[in-house]
Amino acid sequence: MTPDTLRAHLLAWYDAQARDLAWRAGPKAGWRQDPYKVWLSEVMLQQTTVPHATPYFLKFTARWPTVSDLAAAPDEEVMAAWAGLGYYARARNLLKCARAVAQDHDGVFPDTEEGLRALPGLGPYTAAAVAAIAFDRPANVVDGNVERVMSRLYAVEAPLPDSKPELKALAADLVRDDRPGDWAQALMDLGATVCRPKSPLCERCPVSEACAGLATGAPETYPRKTKKAERPRRYGVAYLLTRGDQIALVRRPPKGLLGGMLALPTSDWRDRPWGAAEAVAAAPAVLDWRSAGEIEHVFTHFSLTLTVLRAEGAADEVIWSPRRDLDGLPSVFLKAAKAGLTSLL
DNA sequence: TAGCCGTGGGC
DNA sequence: TGCCCAAGGCT
């Protein structure tokens, strides 16, 4: 099958099977997409599933309908709205990018891959995706879906991540000036719904006839991957300090893990458990701290066991917040706060 | 450049 | 339960 025939099959499949996603302007090819919505959705979808990102996309676009609206929003509001979506550097860069577009580009997104690539938070993938989807530029849009599709289509034996350049080159050979935005989305839709990581639905694939991976009899074994390092465990203490109907929160430093987010006060997170006495000694105030549970949380590169201690009283340099308004907390602290608040004292 | 950076769902 | 995975970017 020639590359152009392969393209024709996949584009025809896309015309019939395109997913109905919140950020897609409409079902007809050629509909003008709003660059702001394309960009916002692409950033939210970085390493994030469609079901998880969708409610956040709807919330953001309802609250901040244009990039200039978002640019004018206070940092704390945007960070709180992002809480639960993870990878919080994305939210910090989202704001930086919105403000750069508002201030340096008169509120209009650059319409070239190169111009987009210069904005904060837009790497090779996102710049190409926005260029293709919003501006119909013939960009080579390569994400995890495309890498998987290419690795199967051509039965690439080299393992990821070393094979990334090869997979990108294979994808580039299929990009044309004709319908580049639809082509990018067709490839990603195929990867998400048919050429899935596990149990691919090859019988429904519009290009199975051309697939070398299927011909091997084990398409699901592609892409090959090098083994990952195991995840270490860390231990910490979270302090649930209440004052009547309020709870003490802190703002984490702007960079690093959960940077810029509201949080419960915590001890250091180290590689051995905390004893009761040292946990109390590390508390933000001298109070009658009592055990209030324990939670488990998994981050990308370590697992965390968080012991929750609870006390009633006062402390310096904390942000008092209503107990019932914990929506702005990252999931790990929401989990710890709920565990502590529901524990019997 | 390789390590850092969240979360929730599936199996 | 533990592991894998999802439309990556930054430093």
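Proteins come first, then strands; the chains are lettered A, B, ... in the order of their sequence lines, and each starts at number 1.
- Counting non-hydrogen atoms of other residues, nucleotides and ligands closer than 6.0 Å to CG of A/Asp177 gives a total of 12 or fewer.
- The aromatic rings of A/Tyr56 and A/His52 lie perpendicular to each other, with more than 60° between the two planes, well past the 30° mark.
- Here, C/dA7 and B/dC5 have their P atoms 23 Å apart, quoted to the whole Å.
- Within the 4.0 angstrom heavy-atom criterion, no nucleotide atom of any strand lies near A/Pro51.
- Across all strands shown, A/Gly84 has heavy atoms under 4.0 Å from sugar-phosphate atoms exclusively, and none from any base.
- Taking atom CG of residue A/Leu160 and atom C1' of nucleotide C/dC5, one finds them 13 Å apart after rounding to whole Å.
- Residue A/Thr126 is classed as a sugar-phosphate contact, given heavy-atom separations below 4.0 Å to backbone atoms only.
- Checking B/dT7, C/dG8, C/dA7 against the side-chain heavy atoms of A/Arg19 singles out C/dA7 as nearest.
- Contact record, A/Ala337 with A/Leu326: CB-CD1, 3.9 Å, taken as the closest heavy-atom pair.
- Nearest heavy atom pair, residue A/Cys97 against residue A/Leu119, reads SG-CB, 3.8 Å.
- Counting only heavy atoms from C-beta on, A/Arg117 has its side chain closest to C/dC10 among C/dC10, C/dG9, B/dT7.
- Contact annotation for A/Trp82: no contact, since no heavy-atom pair falls under 4.0 Å across all strands.
- If you check every strand for non-hydrogen atoms under 4.0 Å, A/Val141 touches nothing.
- Atom CG of A/Asp245 and atom CZ of A/Arg324 lie 6.0 Å apart (nearest 0.5 Å).
- Using bins of under 30°, 30° to 60° and over 60° for the plane-to-plane angle, the ring pair A/Phe57/A/Trp23 lands in the perpendicular bin.
- Comparing A/Arg148 and A/Lys255 along DNA chain C, the residue whose closest nucleotide (by nearest heavy atom) sits nearer the 5' end is A/Arg148.
- You'll find that the side chain of A/Leu45 is closest to C/dA7, out of C/dA7, B/dG6, C/dC5.
- Taking atom CD on A/Gln47 and atom P on B/dT7, their separation rounds to 14 Å, with Å as the unit.
- Of the residues in residues 61-70 of chain A, not one comes within less than 4.0 Å of DNA chain B through any heavy atom.
- Relative to the side chain of A/His52, the nucleotides B/dT7, C/dA6, C/dA7 differ in distance, and B/dT7 lies closest.
- Two rings, from A/His297 and A/Phe299, have their centers less than 6.0 Å apart.
- Residue-to-nucleotide contacts include a donor-acceptor pair under 3.5 Å from the side chain of A/Thr48 to the base of B/dG6.
- The side chain of A/Tyr87 lies closest to B/dG6, out of C/dC4, C/dA7, B/dG6.
- Distance, A/Lys228 NZ to B/dG3 C1': 14 Å, rounded to whole Å.
- The listed nucleotides are C/dA7, B/dG6, C/dA6; the one nearest the side chain of A/Leu257 is B/dG6.
- Distances shown here put every side-chain N or O of A/Tyr56 at or beyond 4.0 Å from the OP1 or OP2 atom of B/dT7.
- With B/dG8, B/dG6, C/dC4 as the choices, the nucleotide that has an atom nearest any side-chain atom of A/Phe299 turns out to be B/dG6.
- The 12-atom threshold is exceeded at NZ of A/Lys335, counting heavy atoms of other residues, nucleotides or ligands nearer than 6.0 Å.
- Nucleic acid contact for A/Leu258: sugar-phosphate only, since backbone atoms but no base atoms lie under 4.0 Å from a heavy atom of the residue.
- Scanning both residues, A/Val250 and A/Ile319, for their nearest heavy atoms gives C-CD1, 4.2 Å.
- Dashed line: the shortest gap from a side-chain N or O of A/His297 to OP1 or OP2 of B/dG6 is not under 4.0 Å.
- Whole-Å rounding puts the A/Arg90 CZ to C/dA7 C1' distance at 10 Å.
- The phosphate of C/dG8 (OP1 or OP2) has no side-chain N or O of A/Gln46 nearer than 4.0 angstrom.
- Contact annotation: A/His301 reaches the phosphate of B/dC5 (side-chain N/O to OP1 or OP2, under 4.0 Å).
- Between A/Arg92 atom CZ and C/dT11 atom P the separation is 9 Å, expressed in whole Å.
- Within 4.0 Å of A/Thr300, counting heavy atoms only, lies at least one base atom of the nucleic acid.
- The distance from atom CG of A/Leu116 to atom P of C/dA7 is 21 Å, rounded to the nearest whole Å.
- A donor and an acceptor atom never sit less than 3.5 Å apart when one is taken from the side chain of A/Arg196 and the other from the base of C/dA6.
- Note on ring orientation: taking the six-membered ring where Trp is involved, the planes of A/Trp289 and A/Tyr239 are perpendicular (angle over 60°, cut-offs 30° and 60°).
- Minimum atom distance to the side chain of A/Lys225 is reached by C/dC5, of the listed B/dT7, C/dG8, C/dC5.
- A/Leu187 comes within 4.0 angstrom of no nucleic acid atom, judged by non-hydrogen atoms across all strands.
- Taking atom CE of A/Met44 as the reference point, atom P of B/dG8 lies 15 Å away to the nearest angstrom.
- Nucleotide C/dT1 holds its C1' atom 11 Å from the CD atom of A/Glu296, rounded to whole Å.
- Across the P atoms, B/dG8 and C/dG9 are found 22 Å apart, a figure rounded to whole Å.
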